[in-house]
J.: 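Structure provided below as structure tokens; questions to follow.
From a predicted model like this one, the values you see are computed outputs, not experimental measurements. Ligands are counted one by one from 1 in listed order, and the atoms in each one are counted from 1 as well.
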Amino acid sequence: MATITQTIAASEEFLFKTKDIKNITFHDLPTPEEPDIPLPPPSVNPTEILELDKATPDSHVPRDPRLIRLTGVHPFNVEAPLTALFKEGFLTSPELFYVRNHGPVPQVRDEDIPNWEISIEGLVENPITLSFRDILQNYDQITTPITLVCAGNRRKEQNTVRKSKGFSWGPAGLSTALWTGPMMADILRTAKPLRRAKYVCMEGADKLPNGYYGTSVKLNWAMDFNRGIMLAHKMNGEDLRPDHGRPLRAVVPGQIGGRSVKWIKKLIVTDAPSENWYHVYDNRVLPTTVSPEMAAENKDWWTDERYAIYDLNVNSVAAVPEHEEVLDLATAGSSYTARGYAYAGGGRRITRVEISLDNGKSWRLADIEYGEDKYRDFEGDLFGGKVDMWKRESCFCWSFWSLDIPVSDLENSGALLVRAMDEGMMVQPRDMYWSVLGMMNNPWFRVTITKENNCLKFEHPTHPARAGGWMEKVKKAGGDLTNGNWGERVQGEAPVEVEPVKEVNMKKEGLSRQIDLQELKANSSAEKPWFVVNGEVYDGTAFLEGHPGGAISITTSAGLDVSEDFLAIHSETAKLMMPDYHIGTLDKASLEALNNNAAETSSEPRPTFLQSTAWGKMKLSEIKTVSWDTRIFVFDLEHDKQTLGLPIGQHLMIKVPDLTTKESIIRSYTPISETSLEGKLELLVKIYFPTDGIPGGKMTLALDALTLGAEIACKGPTGRFEYLGNGRVTISGKERKVRSFKMICGGTGITPIFQVLRAIMQDPEDPTTCVVLDGNRLEEDILCRAELDAYVALDSRKCTVVHTLSKAADAWVGRRGRISEKLIQEYAMPEEESMVILCGPEAMEKSAAKILMDQGWAKSDLHFF
Ligand code: MTE
């Protein structure tokens, strides 16, 4: 058994020398043989700062690129691909261990770690401050395996049913490690809690918008050996990595991960639960009847301790078959082994895992492997901590289940269902308990099975970051996911009726002039742009200045049949204007000839991608999740060296087939990637999901349904505005000088504004100043926030950013309400050589324009993207 001195020596070794995890030596083990316990998988500590982290406050944290980012680039909230996690086995390597960070990772230098302090205060007889060195030297160290699970694990399923306030986790929001450190009880005992003490509040070093991260657990639990609550400084034998709380964190086994405070600085003993914002407004399961609006309006829902989550609930998931796995029946053999994980909370053991292939009518019992039990038999020291689990019977780790299934049974089934039960006889429910934060999701895990071309295709409910999964498909087909039948339509149920589309007359009354191809071509210059829609000829000359897409949208249509694009982009109001520009009908032979000669494409690789007269194809290569309803779609251009060719402040059009009608939908977007980026284009898109009675956004839903590798068409640029740099702007080709921009935006309207702001902020020579007034509903709706903050941090004289929220939570300290007169008077009054650029929902643009003009802005100084 290792003495305390050996423990310190071992600890000092990892702390003060850089230790490569590949060279872990089991010098603390009592015998030189490999013990019969699951040991950590091979691990490589990443050393490189990933490109996308460089512009964030986490630019000091090296990370593994395999992790799936669930909230965009920052803060870092990630899970491993389920198969990769499961393949690691019982213990997870620190680089694949899921991460849940509410904000930036505190930067801690190696040399400062021995003096890292933690205070024990509040209702204690002996308030003390301990250094990291004290924690290592003066307390017994233990090593024990514990699974941490985020309360949001499997939340994407809840979000697919109905959007919750939380971001989408797949089923890999959990991981297991060997943790080393002292029991929290020993530390608390030094401070001598007083008789009235009931809770231990914990606080981390990460400063967040609503204060330091903090929460509490009951003091009784912390003092109970069987509850296993500890402080940890090692994970799988190496010092904690920055994302996991380096140098010291709490580990609260059997409870949701949110209680295991990282970068821990304070233990405060109290007689009431923590009042920390993150304890009150996070990690709760409110009653299912409470809507996001009700929860926002009434604080009492949040302060009711009955709704706070501590112990985990019972849960299980299938990892094999994996999502989108295909089993070829010709080569499959006669039996297939399904596998997965199961866990329960509060130290309760998983006592059975059952599989059904007939929608829950009958169940088969799976085998269960309890990796944790191996440690109960093991006696000795590991990584500088004593492994002493014999007398503690609680179960704090996931277990693995497996079941051999005849392939013929899979072939005859539509879905494989998994459910687990714990020793309290609590079994996973069939139906989801939806709640406003989407936490503790644990209905039966369902993997659908479809037979195609002598293969079985398996589909999980969702994929954490991508579109896909059976839930989305069912929802898109109009199924009600809460009907107790996984949304499948009951036989005889009537299909939804589609409303007929109203046709708008775009022809001038009584006009009978026939036009031939020759005449059309003779009038297809930039100055005289005639174009064709539905066989009718229109003269766009009079609208060159007024067109919201800029003259370029018309001049690039000159001499062409632009029916498809025109009809897809234009509103009814725009179509109603068309009779004014209608000049005749193209004769039939000319129309045919026009369309036959239409697309001439060259096979030469082009240096820039966008073409104003032809649709180029780009391939979806990645989908990054920014929040539950916002994604960044990354597209590959035609080749690696190609740039987009989009002037700053201009837009492009994308064309995607409608999900139901398969007709083209065309919309204008501004990418968020830099226009100089080679080979790629990134679009930030908020998905408008259907809500009760209101259909969702056609284009955004179609984008969300794209799978990786899908090709979509893109054309451009469009727009009247261009930022040339150094305060030079052109509007419809006319140049003007701008010394200060007032940028007013809301929601995804940030995208064109962001292009201009970035161009200004990236050029140190550009003296133009910018004030951004960004209106959103909730704090989590604010897009590009890290980047905006970074620009303010870079030069606060040149860039001011003001966020205002119309439905802010109580704790929001920023501005509240919409873009108001007061805000405009404060930040956006007219100045010499200044202009306003606006982009957002129509109502916001209209009301802002009215206020601006009341304050003395000229109409010509306002530009609406
Ligand atoms: N501690 C601090 N200080 N800050 C945080 O953001 N996140 C909590 C918890 N402790 C958090 C924290 C949540 S919600 C979870 S699920 C776990 O840390 C995740 O731990 P991990 O990132 O090491 O997996």
J.: Please produce the table of protein N or O atoms sitting under 3.5 Å from N or O atoms belonging to ligand 1, one pair a line, distance to 0.1 Å.
T.:
from     : atom 1 : to     : atom 2 : distance (Å)
ligand 1 : 1 (N)  : Lys262 : N      : 2.9
ligand 1 : 3 (N)  : Asp206 : OD1    : 2.8
ligand 1 : 3 (N)  : Asp206 : OD2    : 3.3
ligand 1 : 3 (N)  : Lys262 : O      : 3.1
ligand 1 : 4 (N)  : Asp206 : OD2    : 2.6
ligand 1 : 6 (O)  : His102 : N      : 2.9
ligand 1 : 6 (O)  : His102 : ND1    : 2.8
ligand 1 : 7 (N)  : Arg100 : O      : 3.1
ligand 1 : 10 (N) : Ser260 : O      : 2.9
ligand 1 : 20 (O) : Arg249 : NH2    : 3.2
ligand 1 : 22 (O) : Arg100 : N      : 2.9
ligand 1 : 22 (O) : Lys262 : NZ     : 2.5
ligand 1 : 23 (O) : His244 : ND1    : 2.6
ligand 1 : 23 (O) : Arg249 : NH1    : 2.7
ligand 1 : 24 (O) : Tyr98  : O      : 2.6

J.: Using a strict cut-off of less than 4.0 Å between a Lys/Arg side-chain nitrogen and an Asp/Glu carboxylate oxygen, indicate whether Asp629 and Lys163 qualify as a salt bridge.
T.: no
J.: So, do Trp401 and Phe445 have ring centers that fall under 6.0 Å from each other?
T.: no
J.: Run the salt-bridge test on Arg284 and Glu305 with the 4.0 Å N-O cut-off and return the result as yes or no.
T.: yes
J.: Does Arg241 pair with Asp243 as a salt bridge, N-O distance under 4.0 Å?
T.: no
J.: Got a salt bridge between Asp781 and Lys807, using NZ or NE/NH1/NH2 to carboxylate O under 4.0 Å?
T.: no
J.: I'd like to check the salt bridge (charged side-chain N to carboxylate O under 4.0 Å, His left out) partners of Arg155; sequence neighbours left out, ordered by chain and number.
T.: none
